[in-house]
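Inspection log for the structure reproduced underneath, given as structure tokens.
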Amino acid sequence: MRENDPVTSATRQPETPACATPPRLIATDLDGTLLRDDKSVSARTVAALAAAEEAGIAVFFVTGRPARWMDVVSDHVHGHGLAICGNGAAVVDLHGGPGAHRFVKVRELARENALDAVRLLRDAAPGTVYAIEQTYGFHQEPAYPKLHMEIPDHLLAAEDILAVDGPSAGEPVLKILAYHPDLDPDAFLTLARLAVGDRATVTRSSPSALLEISGPGVSKASTLALECAERGISHEEVIAFGDMPNDVEMLTWAGQSYAMGNAHPAVIAAASGRTVANNEDGVAVVIEQLLAARD
């Protein structure tokens, strides 16, 4: 979930250290990484993903997007057809196509933890407003800006949405979105992590002061690790791509990882390599080099 603003200038040439272990899985973020800024998947990238699958390398889309926003790549899933959504809060089967996805795994944010996070962050950063992502529902506070171009199911205070007798009370909460109109995005992230502590996982994928709050220990990395363990794939056999702070844990965990040319400084520091920007098909560049080296 990332807006289109560039974060750093693009790297002109990819830095692609040789793989010590032959990769069995490619894990790639979407916005700002696999997708171009117009939210398209280039023909070059489509071809590279298909070539990787043909070579026996599984491809996982690992994104902060909710499942309902996965139509942009649902035509490009191969083999297993699974994607990790909501920063690790859900594993979704995309084989059914847009609007027909199936939740395979849900790692929910307990309502007690969610209410604690809302309260603590309100105290630490007055003016914070919230939206709530559930498996199928989306709810927001009246003051929450229209960032996502969709109509919420309810306009209520976060505390009322998350109440045990609130709307969609029987539906799992995947994450909270917390927005502040004035704070610096990185400063807001640091403040929120200190305020919330171990009650939840706090990250961000937008250049604005918009945070994403998930269950304790839930991240792209931890859910990807679970999926890999089920397939007998070690972290050394994974190549990961990303551009924003919500990718840092995944890039650190993977045996080989690439920051996009447009990546946040924290991502550049976490990754083992760099590739060109998303608008230059940086993921495809690395996949092509990888497959050429194997041949």
Side-chain angles (χ1 to χ4, degrees), residues 1-17 23 25-53 57 59-66 69-78 83-87 94 147-149 185-186 203-208 210 212 220-221 224 238-252 254 256-291:
M1 294 183 49
R2 183 179 183 276
E3 298 165 20
N4 293 332
D5 301 359
V7 180
T8 63
S9 60
T11 304
R12 302 308 306 174
Q13 295 297 325
E15 300 171 11
T16 54
L25 187 143
I26 293 167
T28 179
D29 173 51
L30 294 181
D31 296 280
T33 300
L34 188 79
L35 304 182
R36 291 190 167 189
D37 286 349
D38 63 2
K39 307 306 179 186
S40 68
V41 186
S42 73
R44 181 181 183 181
T45 296
V46 170
L49 296 176
E53 293 275 2
I57 304 173
V59 176
F60 260 79
F61 301 129
V62 188
T63 179
R65 285 180 173 232
W69 288 9
M70 295 301 289
D71 58 303
V72 69
V73 292
S74 60
D75 289 340
H76 310 302
V77 294
H78 304 271
I84 295 172
C85 298
N87 291 327
L94 302 180
L147 298 174
H148 312 298
M149 302 302 291
D186 284 327
T203 190
R204 75 178 187 89
S205 60
S206 169
S208 64
L210 176 64
E212 300 163 62
K220 290 184 176 186
L224 179 61
V238 176
I239 296 180
F241 298 86
D243 74 309
M244 288 297 279
N246 64 330
D247 296 312
V248 165
E249 293 88 353
M250 178 174 73
L251 298 178
T252 303
Q256 189 168 2
S257 57
Y258 290 88
M260 307 305 293
N262 48 290
H264 185 281
V267 174
I268 295 170
S272 58
R274 291 193 72 182
T275 185
V276 294
N278 62 314
N279 283 334
E280 300 174 77
D281 300 325
V283 174
V285 168
V286 174
I287 293 175
E288 290 165 357
Q289 293 183 352
L290 167 68
L291 297 180

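The figures that follow rest on heavy atoms only: side chains count, while hydrogens, waters and symmetry mates do not.
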Could you pull out all residues at least two apart from [X] that satisfy side chain to side chain contact (heavy atoms under 4.5 Å, CB included)?
X: Ala266; result: Val248, His264
X: Val72; result: Leu35, Arg65
X: Asn279; result: Arg36, Asp37
X: Ala48; result: Ala284, Ile287

Side-chain touch [X]/[Y], heavy atoms, less than 4.5 angstrom:
X: Ser272; Y: Ser257; value: yes
X: Pro185; Y: Arg204; value: yes
X: Leu224; Y: Leu25; value: yes
X: Ile26; Y: Leu49; value: no
X: Met260; Y: Val283; value: yes
X: Asp31; Y: Ser205; value: no

Qualifying residues under side chain to side chain donor-acceptor pair (under 3.5 Å), relative to Thr28, sequence neighbours excluded = none
Sequence neighbours excluded, which residues qualify as side chain to side chain donor-acceptor pair (under 3.5 Å) partners of Thr252?
-> none
For [X] and [Y], which heavy atoms make the closest approach, and how far apart are they?
X: Val267; Y: Pro245; result: CG2-N, 3.9 Å
X: Ala83; Y: Met70; result: CB-CE, 3.7 Å
X: Val59; Y: Ala52; result: CG2-CB, 4.2 Å
X: Gly242; Y: Asp29; result: CA-CB, 4.1 Å
X: Met250; Y: Ala27; result: SD-CB, 4.1 Å

Let me confirm one number: the [atom1]-[atom2] distance from [X] to [Y], rounded to the nearest 0.5 Å.
X: Ser42; Y: Leu34; atom1: OG; atom2: CG; result: 8.0 Å
X: Thr33; Y: Asp247; atom1: OG1; atom2: CG; result: 5.5 Å
X: Thr63; Y: Trp69; atom1: OG1; atom2: CH2; result: 9.0 Å
X: Asp281; Y: Thr275; atom1: CG; atom2: OG1; result: 9.5 Å
X: Asn262; Y: Asp243; atom1: CG; atom2: CG; result: 5.5 Å
X: Met244; Y: Leu251; atom1: CE; atom2: CG; result: 12.5 Å

Would a distance-only check, ignoring hydrogens and angles, find a side-chain to backbone donor-acceptor pair under 3.5 Å from Thr203 to Glu212?
-> no
In sequence, state the C-alpha distance, the side-chain angles, and the governing distance for Asn246 and Lys220, and then conclude on side chain to side chain contact (heavy atoms under 4.5 Å, CB included).
-> CA-CA 7 Å; Asn246 64 330; Lys220 290 184 176 186; 3.5 Å; yes
Do any pairs count as a salt bridge (Lys or Arg N to Asp or Glu O under 4.0 Å) and have a residue in residues 259-269, sequence neighbours left out, and if so which ones?
-> none
